[in-house]
Amino acid sequence: MKVADLHPWPKVAEEALAIQDRLRPLADLTSAGPQAVRTVAGLDVAYADDRLAAAVVVLDAETLAVVEEATALDRPGFPYVPGLFAFRELPALVDALRALSVTPDLLVCDGHGLAHPKRFGLACHLGVLTGLPSIGVGKTRLVGDYDEPGDERGAWSPVGDGGQEVGRALRTQTGVKPVFVSVGHRADLDTACAMTLRLAPRYRLPETTRRADHLSRETLRAR
DNA sequence: GCGACAG
DNA sequence: ATCTTGTCGC
């Protein structure tokens with residue numbers, strides 16, 4: 001699929017923050033989620049020494065069967081800084097997406113979207129660059145406060161920050177720690193949570209990110 | 001000054 | 001993210 005050219009890549013935090021400020025207005029945080037989601041893409045990155053491997057796995061949203069996979073190798077071009085995480089993984093993720101022959105209906109990122117200190121996490125950034133609906137599903141909280149959701153699968157509680165609901169702590173499996181869902185681009189929070197639940201019928205994390213996680217690791221091993 | 005801090 | 005043995009449970 002086609003992805004817009006990346007903006008000049010930042011070298012230091014100051015430049016990265018400026019880019020987030022410039023792109024933030026482009027994120028669509030109010031549209032209803034996509035009406036017909038037939039394919040969903042999961043993205044993840046694995047690290048080893050001074051290398052990293054990005055993987056994208058497209059699944060049939062109905063059967064969760066794999067439709068297509070793509071990977072890309074890269075070197076970390078930016079240090080890990082909470083809040084600027086996207087600048088570390090985006091180049092490789094975009095390369096992997098470009099190698100895809102199909103254009104997925106939704107992107108499921110491992111990390112946050114709106115639930116970010118500047119309201120522009122990886123999911124928002126990737127959504128803006130691709131123009132595709134995207135959501136963020138993180139394993140741990142980055143910002144905000146929340147009450148522990150009920151113990152049953154499907155239970156959730158709002159994650160509030162600065163007086164607004166930036167995401168939700170969603171229990172995808174009974175008795176298991178919740179995941180943190182937030183809007184990225186062109187998708188509403190209800191749809192994001194519904195999709196996350198559909199994608200996680202058996203495990204805590206959605207099949208999309210589980211599949212992408214495995215693929216990124218084996219890509220690294222295969223060198 | 002003291003914590004908190006996606007992956 | 002990654003470094004790592006055993007252990008509890010379905």
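Naming: A, B, ... by sequence-line order, numbering from 1 per chain.
Near-neighbour residues of DNA chain B inside residues 113-129 of chain A, defined by a heavy atom below 4.0 Å, number-ordered: A:His116, A:Gly121, A:Leu122. Within residues 71-78 of chain A, no residue places a heavy atom under 4.0 Å from DNA chain B. In the region residues 134-152 of chain A, proximity to DNA chain B at under 4.0 angstrom, judged on heavy atoms, holds for A:Gly138, A:Lys139, A:Thr140, A:Arg141, A:Leu142. A heavy atom closer than 4.0 Å to some atom of DNA chain B occurs in no member of residues 188-222 of chain A. Scanning residues 160-176 of chain A for heavy-atom distances under 4.0 Å to DNA chain B yields an empty list. Remark: A:Ala46, A:Tyr47 in residues 41-50 of chain A come within less than 4.0 Å of DNA chain C through at least one heavy atom.
Residues A:Lys2 and A:Thr103 form no side-chain contact, since every pair of their non-hydrogen atoms from C-beta on lies 4.5 Å or further apart. Side-chain contact between A:Pro104 and A:Met1: present, with at least one pair of heavy atoms (C-beta onward) separated by less than 4.5 Å. Residues A:Leu107 and A:Thr130 are in side-chain contact: their nearest non-hydrogen atoms beyond the backbone lie under 4.5 Å apart. You'll find the side chain of A:Val37 stays beyond 4.5 Å of the side chain of A:Thr191, heavy atoms only.
At a threshold of 4.0 Å, the pair A:Arg98-A:Asp95 counts as salt-bridged, since one of the basic side-chain nitrogens sits closer than that to a carboxylate oxygen. Taking 4.0 Å as the cut-off between side-chain N and carboxylate O, A:Arg168 and A:Asp190 count as a salt-bridged pair.
Counting only distance, with no hydrogens or angles, the side chain of A:Asp74 and the backbone of A:Pro76 share no donor-acceptor pair below 3.5 Å. Proximity of a side-chain donor or acceptor of A:His185 to a complementary backbone N or O of A:Ala27 within less than 3.5 Å is not detected. In this structure a side-chain-to-backbone donor-acceptor pair under 3.5 Å is present from A:Arg88 to A:Phe78. At least one donor-acceptor pair closer than 3.5 Å links the side chain of A:Gln173 to the backbone N or O of A:Ala200. A donor-acceptor pair under 3.5 Å links the side-chain atoms of A:Gln20 to the main chain of A:Gly83, judged by distance alone. Side chain of A:Glu68 to backbone of A:Val102: a donor-acceptor contact under 3.5 angstrom is found. A donor-acceptor pair is defined here as one N or O able to donate and one able to accept, closer than 3.5 Å; such a pair exists between the side chain of A:Arg153 and the backbone of A:Thr172. In terms of modelled atom types and a separation under 3.5 Å, the side chain of A:Arg186 and the main chain of A:Pro34 share no donor-acceptor contact. Side chain of A:Ser157 to backbone of A:Glu148: no donor-acceptor contact under 3.5 angstrom is found.
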What do the steps show when you test A:Leu73 against A:Leu220 for side-chain contact (heavy atoms from CB on, under 4.5 Å), and what is the final call? CA-CA 8 Å; A:Leu73 288 169; A:Leu220 216 45; 4.3 Å; yes

Before giving the answer on side-chain contact (heavy atoms from CB on, under 4.5 Å), spell out for A:Glu62 and A:Arg198 the whole-Å C-alpha distance, their side-chain angles and the decisive distance to 0.1 Å. CA-CA 9 Å; A:Glu62 189 62 45; A:Arg198 282 183 49 189; 4.2 Å; yes

Test log, rule side-chain contact (heavy atoms from CB on, under 4.5 Å), inputs A:Met195 and A:Val181: CA-CA 10 Å; A:Met195 281 304 308; A:Val181 182; over 6 Å; no

Starting from the C-alpha separation in whole Å, work towards a yes-or-no answer on side-chain contact (heavy atoms from CB on, under 4.5 Å) for A:Asp213 and A:Asp110. CA-CA 9 Å; A:Asp213 177 77; A:Asp110 80 307; over 6 Å; no

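For DNA chain C, the outermost nucleotides in 5' to 3' order that have an atom under 4.0 Å from a heavy atom of chain A are C:dA1 to C:dT2. Close approach of DNA chain B to chain A, defined as any atom under 4.0 Å from a non-hydrogen atom of the protein, starts and stops at B:dA4 to B:dG7.
Neither A:Tyr80 nor A:Leu142 shares a network with the other; the hydrophobic side chains, linked directly or stepwise wherever heavy atoms of I, L, V, M, F, W or Y lie under 4.5 Å apart, form separate groups for each. Under a hydrophobic-cluster definition in which Ile, Leu, Val, Met, Phe, Trp and Tyr are linked whenever side-chain heavy atoms come within less than 4.5 Å, directly or via other members, A:Leu126 and A:Val128 are assigned to the same cluster. The hydrophobic cluster containing A:Val166 does not contain A:Trp156, counting ILVMFWY residues as joined when their side-chain heavy atoms lie under 4.5 angstrom apart, directly or transitively. In the hydrophobic cluster analysis, where Ile, Leu, Val, Met, Phe, Trp and Tyr join through side-chain heavy atoms closer than 4.5 angstrom, A:Val137 is grouped together with A:Leu64. A:Leu23 and A:Val12 are members of different hydrophobic clusters when ILVMFWY side chains are connected at heavy-atom separations under 4.5 Å.
One distance of note links OG of A:Ser182 with CZ of A:Arg141; it measures 13.0 Å at 0.5 Å rounding.
Sorted by first then second residue, the ring pair (Phe, Tyr, Trp, His ring centres under 6.0 Å) pairs that include residues 112-155 of chain A, not counting sequence neighbours, are A:His7-A:His125, A:Phe87-A:His125, A:Phe120-A:His125, A:Tyr146-A:Phe180.
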For DNA chain B, what is the dot-bracket line, given that a base pair needs Watson-Crick (N1 to N3, plus N6-O4 or O6-N4) or G-U wobble (N1-O2 and O6-N3) geometry with both distances under 3.5 Å, and | means paired with another strand? .......

Watson-Crick and G-U pairing of DNA chain C, under 3.5 Å, as dot-bracket with | and [ ]: ..........

Do any side-chain atoms of residues 38-49 of chain A form donor-acceptor pairs under 3.5 angstrom with protein atoms, and if so which ones, sequence neighbours left out?
| residue | atom | partner | partner atom | Å |
| --- | --- | --- | --- | --- |
| A:Thr39 | OG1 | A:Asp105 | N | 3.3 |
| A:Tyr47 | OH | A:Glu89 | OE2 | 2.7 |

